[in-house]
Amino acid sequence: MAKGITKRSEDYSRWYLDVIAAAKLADYAPVKGCMVIRPNGYAIWERMQAELDTMFKESGHVNAYFPLLIPESYLKKEAEHVEGFAPECAVVTQGGGKKLEERLVIRPTSETIIWSMYKDWIQSHRDLPILINQWANVVRWEMRTRLFLRTMEFLWQEGHTAHATAGEAQEETLRILEIYRIFAEDFMAMPVLTGVKSEREKFAGALQTYAIEAMMQDCKALQAGTSHNLGQNFAKAFDVKFQSEEGNLEHVWATSWGVSTRLIGGLIMSHSDDLGLVLPPKLAPLQVVVVPIWRGDDEKSSVLERLSAITADWKGKFRFRIDDRDNYRPGWKFNEWEKQGVPIRIEIGPRDLESGEAVLVRRDSGEKERIPHDRLLTEIPTVLQQIQKDLFKRAADFRDANTHTCDDYDDLKQRLDEDGGFYRVHWNGKRESEERLQNETKATIRVIQTEQSEKGSCILTGEPSERRVVVARAY
RNA sequence: CGGGGCGUAGCGCAGCCCGGUAGCGCAUCUGCUUUGGGAGCAGAGGGUCGCUGGUUCAAAUCCAGUCGCCCCGACCA
C-alpha cells in the first residue's frame with residue numbers, strides 16, 4: 001500500500017493533501033494561504049494553458065497583459081463589483097518608503113483596469129469587438145485556504161471582451177462556456193454540468209454568470225470555470241461608448257470569463273486514487289515512463305541498447321521518458337511514477353529481450369499487458385486514448401450514480417448529510433428560499449439549466465417552479 | 001472570526017509530566033553487495049529545540065508573553 005497517502009475512505013481532505021505532497025505538485029509557502037507550485041504541478045498548468053490558449057486563439061481571441069496594481073478608486077466605480085470584492089482585496093498603502101497618495105489594490109480580477117483602458121481604445125463600432133485574454137495572477141484575501149482549490153494568490157486566465165450588441169455579448173458568453181465544457185470533458189476527462197448561476201451566486205457586477213460544475217469523488221460540487229455576461233455595467237461605470245453604424249453613441253456590451261489553477265484541484269479530485277495522482281493522458285506532462293530492468297552492467301547495456309532502438313521513432317508521437325537512473329531500483333521507480341500519475345508504464349528487462357515483448361501497465365486500472373516491441377509504437381497511443389476515455393466514463397458514471405431527483409425537503413436534508421451528491425429539485429426562483437436552503441443544509445444551487453423545463457412545486461415553499469435546479473454542497 | 005492541533009536535522013516524529021551531554025525513522029553523502037513492486041550491510045555529515053523575557057548553579061523541558069502554520073466550521077473561484 002502507498003506509504004504516506006491517507007485513504008480516501010479514511011479522510012478525504014487529508015488524502016487530497018497527501019496526493020499533492022506525494023506527487024510533488026505544490027508546497028506551502030511561508031505566507032499563510034500561499035502556495036509554491038512545484039515543477040510537477042506547474043507542468044500540468046502549462047499543459048492546460050497550452051490547450052486553452054489554442055482554443056481561445058482559434059476562436060479569435062488575443063493575449064495581452066494588464067498591470068497587477070489598480071488604483072483603489074477604479075474598483076469603486078462599479079457598485080456591485082466593489083461590494084463583492086473590496087472585503088477580499090490586498091491593498092498597497094506604501095511605496096518607496098512613502099505613504100501613497102492613492103492606495104493601490106492588488107488585482108482580485110481585472111475588469112476595472114481593463115475597462116479604464118477600453119475607454120481609450122473604443123470610439124467606433126469599427127473598434128469592436130475586442131477579444132482579449134490575459135494569463136495572470138490575482139490575489140484574494142481568503143479566510144480559509146486549500147492548496148489549488150482556494151489560495152490567496154492564484155494563476156488564471158481572464159478574458160475580457162467588448163461588443164457592439166447585447167446579442168454578441170451573450171453569444172460570446174456561451175461560446176466560452178462551451179470552450180470550458182469541451183476543455184473539462186475532453187482534456188481533463190471531467191464531466192461537467194453547464195448552466196447559469198442564481199442571483200446570489202453570480203459574479204459581482206455581472207448580468208448573468210454561467211458556470212461549469214463538476215462532481216468530486218467525495219460527491220461535493222466544484223465550480224470549475226465561469227463565463228459572465230456583464231451587460232453594460234462596466235461600460236457605464238467607465239463611460240465606454242462607441243458610435244454605431246447609425247451614428248448613435250451607445251454603451252459597449254461586455255463579457256468576462258476565467259478558469260484558474262483550481263482546475264488542478266479538480267483534476268486531482270476527479271481521478272486520483274489511494275496510490276496517488278492519476279492524470280488523463282491529454283494533460284499528463286509525461287504520458288509514458290519506461291523502466292528498464294537489469295542485473296549487472298552487461299544486462300544494463302544490452303537492455304538500454306535494445307530500448308534505444310525500440311524508442312527511436314517514439315519522439316513526437318507521445319511524451320515519454322526512459323528512467324535509466326542507476327541509483328533507484330525498479331520497485332522504487334514503479335511507485336514513484338505511480339504517485340506522479342503517469343498514465344502508462346513500460347517495463348523492459350532481460351526476460352522481455354528474449355521474448356521480444358514488454359510489459360505495459362495502466363495507471364488508471366493497474367492492468368498489465370505483454371506487448372511485442374514492434375507493436376508498442378501503435379499500441380501506446382491507442383491505450384492512451386482508451387485511458388482518456390475510461391477516466392471520463394468512470395467519472396461520468398460516478399456523477400450520474402450520485403445525482404438524484406428529490407421532491408421532499410426533509411428527505412433532501414437527510415440525504416445531503418448521508419450520501420451527498422447532486423440533487424435535482426424544484427425551486428421557486430426566489431433569493432429567500434435559496435438563502436434558507438443554504439442556511440439549513442449548507443448546500444447551494446450549483447447550476448440552473450435554463451434549456452430544461454419541467455413544471456413543479458418548490459421543494460421549500462411549494463410555490464410554482466419552472467424547472468429543476470441542481471443543488472449540492474460545494475467547495 | 002469561532003473550535004482543535006502543531007512549531008525539536010531536509011521530511012515525519014520522540015524527548016517535556018519528573019530541569020542535568022539533543023535522540024529515532026526516512027532522506028542525504030562514502031564504500032561494497034544488489035536490481036521484475038518502495039534493497040541490505042558498514043560508516044559519515046547535518047540542530048542557535050519558532051521567538052522574547054522570567055525562574056534556576058543549570059531550561060527543548062517550568063512560568064509569562066508573542067509570532068507563525070496546519071486541520072475542522074462560517075465566507076469565497
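Lettering follows sequence order; numbering is per chain, from 1.
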Item to complete: Please report, rounded to the nearest Å, how far the P atom of A77(B) is from the CG atom of Leu222(A).
Response: 12 Å

I'd like a table of atom pairs between the protein and nucleotides 69-74 of chain B - only N or O on both sides, under 3.5 Å - with the distance next to each one.
{"residue": "C69(B)", "atom": "OP1", "partner": "Lys32(A)", "partner atom": "N", "Å": "2.7"}
{"residue": "C70(B)", "atom": "O3'", "partner": "Tyr28(A)", "partner atom": "OH", "Å": "3.4"}
{"residue": "C71(B)", "atom": "OP1", "partner": "Tyr28(A)", "partner atom": "OH", "Å": "3.1"}
{"residue": "C72(B)", "atom": "OP1", "partner": "Ser13(A)", "partner atom": "OG", "Å": "2.2"}
{"residue": "C72(B)", "atom": "OP2", "partner": "Arg144(A)", "partner atom": "NH1", "Å": "3.1"}
{"residue": "C72(B)", "atom": "OP2", "partner": "Arg144(A)", "partner atom": "NH2", "Å": "2.5"}
{"residue": "C72(B)", "atom": "O5'", "partner": "Arg144(A)", "partner atom": "NH2", "Å": "3.4"}
{"residue": "G73(B)", "atom": "OP2", "partner": "Arg144(A)", "partner atom": "NH2", "Å": "3.4"}
{"residue": "G73(B)", "atom": "N7", "partner": "Arg144(A)", "partner atom": "NE", "Å": "3.4"}

Item to complete: Taking atom C1' in both C13(B) and C1(B), compute the distance separating them and give it to the nearest angstrom.
Response: 32 Å

Worksheet entry | Under the ring pair (Phe, Tyr, Trp, His ring centres under 6.0 Å) test, residues paired with Phe148(A) that sit two or more places apart | none

Practice prompt. Using the P atom as the reference point in each nucleotide, state the distance between G25(B) and A14(B) in Å, no decimals.
Written response: 16 Å

Practice prompt. For Lys24(A) and C11(B), give me the distance from atom NZ to atom C1', rounded to whole Å.
Written response: 12 Å

Worksheet item: Could you state the CZ-P distance from Arg473(A) to C75(B), rounded to the nearest angstrom?
Response: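 The answer, rounded to whole Å, is 12 Å.
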
Worksheet item: Distance between the C1' atoms of C49(B) and C6(B), in whole angstroms?
Response: 14 Å

Discussion item. Are more than 12 heavy atoms, taken from residues, nucleotides or ligands other than Arg103(A), located less than 6.0 Å from that residue's CZ atom?
Written reply: no

Worksheet item: Are the side chain of Tyr65(A) and the backbone N or O of Ala136(A) linked by a donor-acceptor pair below 3.5 Å?
Response: no

Practice prompt. With sequence neighbours excluded, tell me which residues meet salt bridge (charged side-chain N to carboxylate O under 4.0 Å, His left out) with Arg351(A).
Written response: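 Salt bridge (charged side-chain N to carboxylate O under 4.0 Å, His left out) list for Arg351(A), sorted by chain: empty.
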
Discussion item. Under 4.0 Å, counting only non-hydrogen atoms across every strand here, what does Glu299(A) touch: a base, just sugar-phosphate, or nothing?
Written reply: nothing

Practice prompt. Mind checking Thr209(A) for me? I need base, sugar-phosphate or nothing, with any heavy atom below 4.0 Å counting as a touch.
Written response: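 Result for Thr209(A) = nothing.
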
Worksheet item: Would you call Arg394(A) and Asp390(A) a salt bridge, using N to O less than 4.0 angstrom?
Response: no

Item to complete: For the pair Arg345(A) and Glu338(A), find out whether any cationic side-chain nitrogen is under 4.0 Å from an anionic carboxylate oxygen.
Response: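 Result for this pair is yes, salt bridge flagged.
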
Worksheet entry | P spacing across the pair A22(B) / C72(B), given as an integer number of angstrom |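 After rounding to an integer number of Å, I get 38 Å for this pair.
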
Practice prompt. Return the orientation label for the His228(A) and Phe203(A) ring planes: parallel under 30°, perpendicular over 60°, tilted otherwise.
Written response: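 Answer is parallel, since the angle falls under 30°.
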
Practice prompt. Mind checking side chain to side chain contact (heavy atoms under 4.5 Å, CB included) for Glu199(A) and listing every partner two or more places apart, or none if nothing turns up?
Written response: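 Only Lys202(A), Arg431(A) meet the side chain to side chain contact (heavy atoms under 4.5 Å, CB included) criterion with Glu199(A).
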
Worksheet item: When you measure from every atom of RNA chain B, which of residues 173-188 of chain A have a heavy atom less than 4.0 Å away?
Response: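 Hits under 4.0 Å, by residue number: none.
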
Response to the item:
Base-pair string, RNA chain B, Watson-Crick plus G-U, cut-off 3.5 Å on both distances, | for inter-strand, is ((((((((.[[[[.)....(..]]]].((((((.....)))))).....[[[[[..)....]]]]])))))))....

Worksheet entry | Atom P, compared across U61(B) and U8(B): separation rounded to whole Å |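 The answer is 14 Å between these two P atoms.
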
Worksheet entry | Whole-angstrom distance between G40(B) and G46(B), as gauged at atom C1' |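 Result for the C1' pair: 24 Å, nearest Å.
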
Pull out every protein N or O sitting under 3.5 Å from an N or O of nucleotides 26-36 of chain B, one pair per line with the distance.
{"residue": "U35(B)", "atom": "O4'", "partner": "Arg329(A)", "partner atom": "NE", "Å": "3.4"}
{"residue": "U35(B)", "atom": "O2'", "partner": "Trp294(A)", "partner atom": "O", "Å": "2.9"}
{"residue": "G36(B)", "atom": "OP1", "partner": "Arg329(A)", "partner atom": "NH2", "Å": "3.2"}
{"residue": "G36(B)", "atom": "N7", "partner": "Arg351(A)", "partner atom": "NH1", "Å": "3.4"}
{"residue": "G36(B)", "atom": "O6", "partner": "Gly349(A)", "partner atom": "O", "Å": "3.4"}
{"residue": "G36(B)", "atom": "O6", "partner": "Pro350(A)", "partner atom": "N", "Å": "3.1"}
{"residue": "G36(B)", "atom": "O6", "partner": "Arg351(A)", "partner atom": "N", "Å": "2.6"}
{"residue": "G36(B)", "atom": "O6", "partner": "Asp352(A)", "partner atom": "N", "Å": "3.3"}
{"residue": "G36(B)", "atom": "O6", "partner": "Asp352(A)", "partner atom": "OD2", "Å": "3.3"}
{"residue": "G36(B)", "atom": "N1", "partner": "Asp352(A)", "partner atom": "OD2", "Å": "2.4"}
{"residue": "G36(B)", "atom": "N2", "partner": "Glu347(A)", "partner atom": "OE1", "Å": "3.3"}
{"residue": "G36(B)", "atom": "N2", "partner": "Asp352(A)", "partner atom": "OD2", "Å": "3.2"}

Worksheet item: Under 4.0 angstrom, heavy atoms only, what part of the nucleic acid is Lys197(A) near: base, sugar-phosphate, or nothing?
Response: nothing

Fill in: Which residues share a ring pair (Phe, Tyr, Trp, His ring centres under 6.0 Å) with Trp156(A), sequence neighbours left out
Phe154(A)

Worksheet item: Quick one: Leu155(A) CG to A77(B) P, roughly how many Å, whole number?
Response: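 Between P of A77(B) and CG of Leu155(A): 18 Å.
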
Item to complete: Would you classify Thr226(A) as touching base, sugar-phosphate or nothing, given that sugar-phosphate means primed atoms plus P, OP1 and OP2, and contacts are heavy atoms under 4.0 Å?
Response: nothing

Discussion item. Could you tell me how far G20(B) sits from A58(B) if I compare only their C1' atoms? Round to whole Å.
Written reply: 7 Å

Worksheet item: Looking for any heavy atom pair under 4.0 Å, which part of the strands does Glu88(A) touch: base, sugar-phosphate only, or nothing?
Response: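 Counting heavy atoms under 4.0 Å across all strands, the contact made by Glu88(A) is with sugar-phosphate only.
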
Worksheet entry | Test side chain to side chain contact (heavy atoms under 4.5 Å, CB included) applied to Glu51(A) - qualifying residues, sequence neighbours left out |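 Only Arg47(A), Phe183(A), Phe187(A), Leu283(A) meet the side chain to side chain contact (heavy atoms under 4.5 Å, CB included) criterion with Glu51(A).
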
Item to complete: Would you please name every residue forming a salt bridge (charged side-chain N to carboxylate O under 4.0 Å, His left out) with Asp53(A), sequence neighbours left out?
Response: Lys57(A)

Worksheet item: Of Glu336(A) and Met152(A), whose nearest nucleotide on RNA chain B comes first from the 5' end?
Response: Glu336(A)

Worksheet item: Please give, in whole Å, the distance from G37(B) C1' to Leu360(A) CG?
Response: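 Rounded to the whole Å, the gap is 17 Å.
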
Discussion item. Ser73(A): which residues meet the side chain to side chain contact (heavy atoms under 4.5 Å, CB included) condition with it, sequence neighbours left out?
Written reply: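 Ser73(A) satisfies side chain to side chain contact (heavy atoms under 4.5 Å, CB included) with Pro71(A), Glu102(A) only.
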
Worksheet item: Any side-chain donor-acceptor pair under 3.5 Å between His160(A) and Ser256(A)?
Response: no

Worksheet item: Got a sec, which residues hit salt bridge (charged side-chain N to carboxylate O under 4.0 Å, His left out) with Glu369(A), two or more places apart in sequence or on another chain?
Response: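 Checked Glu369(A) against salt bridge (charged side-chain N to carboxylate O under 4.0 Å, His left out); zero matches.
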
Item to complete: In whole angstrom, give me the gap between the P atoms of A64(B) and G47(B).
Response: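 Straight-line distance between the two P atoms is 32 Å.
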
Worksheet item: In terms of heavy-atom contacts, does OH of Tyr74(A) have more than 12 from other residues, nucleotides or ligands at under 6.0 Å?
Response: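 Not buried by this count: 12 neighbours or fewer within 6.0 Å.
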
